[in-house]
Structures are given as structure tokens and as C-alpha cells.
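Reviewing the structure listed below.
Any value given below was found using the heavy atoms of this structure, including those in side chains, with hydrogens, waters and symmetry copies removed.
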Amino acid sequence: MTKKVVLYGAFDRYNYGDNLMPIVFVEYMKKFHVDIIDEFSFIYSSISDSDLSHYGCEKSIAIKKVYNKLGAGDSIIVTGGDVLCADTPDLFFHVQNNEKMVMLYKMIRKLSHELLSLIHI
């Protein structure tokens, strides 16, 4: 079974710099780590589904659709700069499939952002 590498970034927006990141990453791997290309399948993921392929970009799958399907040996690599400043509590909202949990997190965040950071999945 092929292991998965999720390239997570801001690939769902009209910012060509961010959309170029997964393309550069995969091309680098093809050139310098061919064994990785054969061993892993690459999944492009963002906050939401997107299809900017008509601009030469990769289609992306929403992270909440990908996150819970990863297994042992699979990896997530964050690429691009627009995702580096996000903190863990805010990222919880994007991996939740349960609307009640999202509402609970939002209520806790209103009370205290620091309290929300104590919650671990």
C-alpha cells in the first residue's frame, strides 16, 4: 500500500505564489529524491476544496476530508507562508466534521483563546 504525503497550504486561493509551492516541492522530490516519488502518493490539501487547474495549479481537497483518513506512515507537510501563522486552536475549526464541536470551540474561544489552546485532539 502506498503511503500518503499531504501537502497542506493555501492552494485554494488566487495567490500564485502559494499555489506554486506544492508544484515546486514535487518537482524537487522528482529531481533529488526519486525513491520518495515511487513510495508515496501526494495529496494536495487546503482549508476548502478547490480547482484552480485552469491556472496550472493542483486541485486541492479540504483538510477535514483528508485528516481522519491518514494512517501509519502517512505525513502532512505544510507548504507556503500563509499557513505558518495559524495557531492550533484556529486550525481545529478546519478539521472538524461535527458542527456541534465547532460551536463549542467557538464558545470557548470567546471566553478565552488560551483556554482553547489547552484542548488537544
Side-chain angles (χ1 to χ4, degrees):
M1 178 179 247
T2 304
K3 297 175 194 164
K4 299 177 199 115
V5 172
V6 178
L7 298 176
Y8 177 72
F11 317 139
D12 54 350
R13 300 172 203 150
Y14 294 96
N15 179 338
Y16 199 68
D18 284 319
N19 287 301
L20 192 58
M21 291 296 163
I23 297 167
V24 170
F25 182 87
V26 171
E27 289 303 314
Y28 173 86
M29 296 307 279
K30 285 179 184 176
K31 185 171 184 176
F32 296 106
H33 300 283
V34 178
D35 54 318
I36 300 288
I37 295 296
D38 295 333
E39 188 177 341
F40 291 89
S41 64
F42 292 92
I43 298 169
Y44 306 95
S45 182
S46 295
I47 290 174
S48 61
D49 292 331
S50 71
D51 182 1
L52 300 175
S53 58
H54 55 284
Y55 294 111
C57 305
E58 299 293 339
K59 294 179 183 179
S60 70
I61 302 169
I63 190 68
K64 67 181 176 182
K65 293 179 181 176
V66 175
Y67 182 75
N68 292 324
K69 295 180 182 174
L70 298 178
D74 295 339
S75 302
I76 297 176
I77 299 174
V78 179
T79 60
D82 207 19
V83 291
L84 295 179
C85 295
D87 58 6
T88 304
D90 289 336
L91 292 176
F92 280 152
F93 297 120
H94 302 296
V95 296
Q96 292 302 317
N97 291 321
N98 184 326
E99 200 58 40
K100 290 180 182 177
M101 288 302 292
V102 172
M103 288 174 50
L104 176 64
Y105 285 143
K106 286 181 180 181
M107 287 180 358
I108 294 171
R109 184 173 65 178
K110 282 185 179 182
L111 294 172
S112 169
H113 196 76
E114 290 76 25
L115 178 63
L116 184 60
S117 68
L118 297 175
I119 298 173
H120 299 284
I121 293 178

Heavy-atom distance under 4.5 Å between the side chains of [X] and [Y], does that happen here?
X   : Y   : answer
Y8  : I63 : yes
K4  : V66 : no
F11 : T79 : yes

Return the [atom1] to [atom2] distance between [X] and [Y], rounded to the nearest 0.5 Å.
X   : Y   : atom1 : atom2 : value
L70 : I43 : CG    : CD1   : 6.5 Å
K64 : D49 : NZ    : CG    : 9.0 Å
Y44 : I23 : OH    : CD1   : 7.5 Å
E39 : M29 : CD    : CE    : 10.0 Å

Problem - Worked verdict on Y55 versus N19 for side-chain contact (heavy atoms from CB on, under 4.5 Å) - result: CA-CA 9 Å; Y55 294 111; N19 287 301; over 6 Å; no
Completion exercise
The side-chain hydrogen bond (donor to acceptor under 3.5 Å, both in side chains) partners of D12 (sequence neighbours excluded) come to S48
Practice task
Sequence neighbours left out, what passes side-chain hydrogen bond (donor to acceptor under 3.5 Å, both in side chains) with D74? Give chain and number order.
Solution key: none
Problem - Check: S53 side chain, K59 main-chain N or O, donor-acceptor pair, under 3.5 Å - result: no
Completion exercise
Shortest non-hydrogen pair, S46 vs A10, comes out as OG-C, 4.1 Å
Fill in the blank from the handout: Heavy-atom closest pair (L7 atom, P22 atom, distance to 0.1 Å) is CD1-CB, 4.0 Å
Problem - K30: partners by salt bridge (charged side-chain N to carboxylate O under 4.0 Å, His left out), with sequence neighbours left out - result: E27
Handout entry: Residues forming a side chain to side chain contact (heavy atoms under 4.5 Å, CB included) with F40, sequence neighbours excluded
Key = K3, V5, I36
Practice task
Might you work through the side-chain contact (heavy atoms from CB on, under 4.5 Å) test for I76 and Y67, ending with a clear yes or no?
Solution key: CA-CA 9 Å; I76 297 176; Y67 182 75; 4.2 Å; yes
Exercise for the section: For F32, enumerate each residue passing the ring-ring contact (aromatic ring centres under 6.0 Å, His included) test, keeping only those at least two apart in sequence or located in another chain. Expected result: Y28
